[in-house]
Amino acid sequence: MRLLATSAVLGLIWFGVTNIAATLIAYGLTRATDSRRLSAGCLLTLRLMPAAVSTFFVAALFLPAHLRHEPASSDESFGIALVSAAVLSLMLIGRGVVRAVRALRTDIAVAAVMRRLARPYGQAFEVRGFAGVSLAGILRPRIFIGSSALAALTPAELDAAISHELAHRRSLDNFKRFLICCAPDVFGLLPIARRLEDRWEAETECQADARAVCGDTSRAVVLASALVKVARLPRPAAIHPAPLWSGFHAAALLETRVRRLVDGQTTVPRMGTWAWCAVALVASALPLAAWTFNLTYAVHVATEVLVTYLP
Amino acid sequence: MFKGFRGSWLGGTHDPLRAALGRLERAVMDTVWAGGDFSVKDVQAALGRPVAYTTVMTTLDRLFKKGLVGRRREGRAFVYTAALERHQIEAAMTAGLLDGVLASGPGAARPFLSNLVDVVGDSHDELLEELERLVRDKRETLKRERRDRTKGEPA
């Protein structure tokens, strides 16, 4: 029992320590690539890296190492720095859980409201009083079209708009958004993470545009026209999604997307070969390192060092 | 006006008015939406089922207080007209509902909502006009190119 309790506290400590370290790396990489156009996949990897690294380290390395090498009778005490790291981790995980629960509850409530209000319209649903065209939902995303958008768009524009939302659905963009929202990391508390999220948002929109037009120039112009028309639609004052992104960001993104569509620049950057090679290298290096250097023992020794030398 | 309707909205059919208005209220609204001015007697006659005069009067008064009908005095009685069209009420209710659901903060919808395009404020009118012009020009160019290509093809 005591071993389990120490494992939990040490796990939280490692979670905090690796989270801060990964946040520093993510911060550096985000700043270094600030002016470069990266693929949506790269941006998402960068954004989720701190949470993923710390979760992986604790679950796949620390816990097996601790349970294997730590004697059951060990009696460890923790200093202020370690306790602070554990509290930080607990707060980060708690924040993530609260956000996840809140998002899922809102998702279920909105789905219920939409079920009541929406009328089936092909692959989508028509909703009165809902402005624009949206893909809503984490678990079962559905496409909702406001009746004002339905009235404003031509059949071709509507088809392009629905294709755009279908592209979002195929790429699980709403689920990725959910992961970003709930990621338990220090990185998410920094303003630079918001900028990275905006960049990812912009890339996913361009990617969905590209998939919706399939390289067809006239379809690209049709989608551009739909974007401008929907951006012009008056929105009921009470609808909230409006302030999710600042007006400036929305305007700048709209301009970029329309210009790209009109100029026929609908190709989007993909995760390069070097990025896939790096991922493959890390994935193959870990089991190799575990086998060669007895990684679990190394992690156990590192834990002992951490407990002994940190105040 | 529609904030009180939020709670009872989860699940059910596609008619948004069902959860917000009672059966008689909906029947009265349907009558008023048919157009024109209606006295209590007119509404009572149009309902097509026996309802007491005072019940219709109370219902109309309740709808007036909710802002769904307007009224003016003609002689000793009130004459009622629809203050809002059906689609306006549905729109306002949807807005109120979503507002209620998403009231937990501006970020509440972010995890699960992806919009085709986000709100572009009125301050960006010039930009929208420029983008419209761009689209129009490109359309013209494409049309011209298509015409030229058709002309160039052998008959």
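Order of the sequence lines sets the chain letters (A, B, ...), proteins ahead of strands, with each chain counted from 1. The analysis underlying the following values was restricted to heavy atoms, covering all of them including side chains, and did not include hydrogens, waters or symmetry mates.
- For the set B:Arg136, B:Glu130, B:Glu132, the entry with the most heavy-atom pairs within less than 4.5 Å of chain A is B:Glu132.
- We find that A:Glu255 and A:Arg259 are joined by a salt bridge, their nearest charged nitrogen and carboxylate oxygen being less than 4.0 Å apart.
- In summary, B:Arg133 and B:Asp137 engage in a salt bridge, as defined by a charged side-chain N under 4.0 Å from a carboxylate O.
- The part of B:Leu142 that comes within reach of chain A is its side chain, from C-beta onward, which places non-hydrogen atoms under 4.5 angstrom from that chain.
- Because its NZ or CZ atom is not both nearer than 6.0 Å to the ring centre of B:Tyr80 and within 45° of the ring axis, B:Arg71 does not count as a cation-pi partner of that residue.
- Electrostatic pairing of B:Lys66 and B:Glu25 counts as a salt bridge here, judged by a charged N lying under 4.0 Å from a carboxylate O.
- Among the candidates A:Ala149, A:Ala100, A:Ser225, the residue making the largest number of heavy-atom pairs closer than 4.5 Å to chain B is A:Ser225.
- For a residue to count as touching a neighbouring chain, one of its non-hydrogen atoms must lie under 4.5 Å from one of that chain's; by this rule B:Glu145 does not touch chain A.
- For a residue to count as touching a neighbouring chain, one of its non-hydrogen atoms must lie under 4.5 Å from one of that chain's; by this rule B:Arg146 touches chain A with the side chain only.
- Comment: B:Lys65 engages B:Asp61 in a salt bridge, judged by a side-chain N to carboxylate O separation of less than 4.0 angstrom.
- For A:Thr217, the parts sitting under 4.5 Å from any heavy atom of chain B are the backbone and the side chain alike.
- Of the atoms belonging to A:Val133, heavy atoms from both backbone and side chain fall under 4.5 Å from chain B.
- Contact check on A:Glu205 versus A:Arg211 returns no salt bridge, with no Lys/Arg side-chain nitrogen under 4.0 Å from an Asp/Glu carboxylate oxygen.
- In terms of heavy-atom pairs under 4.5 angstrom with chain B, the leader among A:Glu165, A:His164, A:His168 is A:Glu165.
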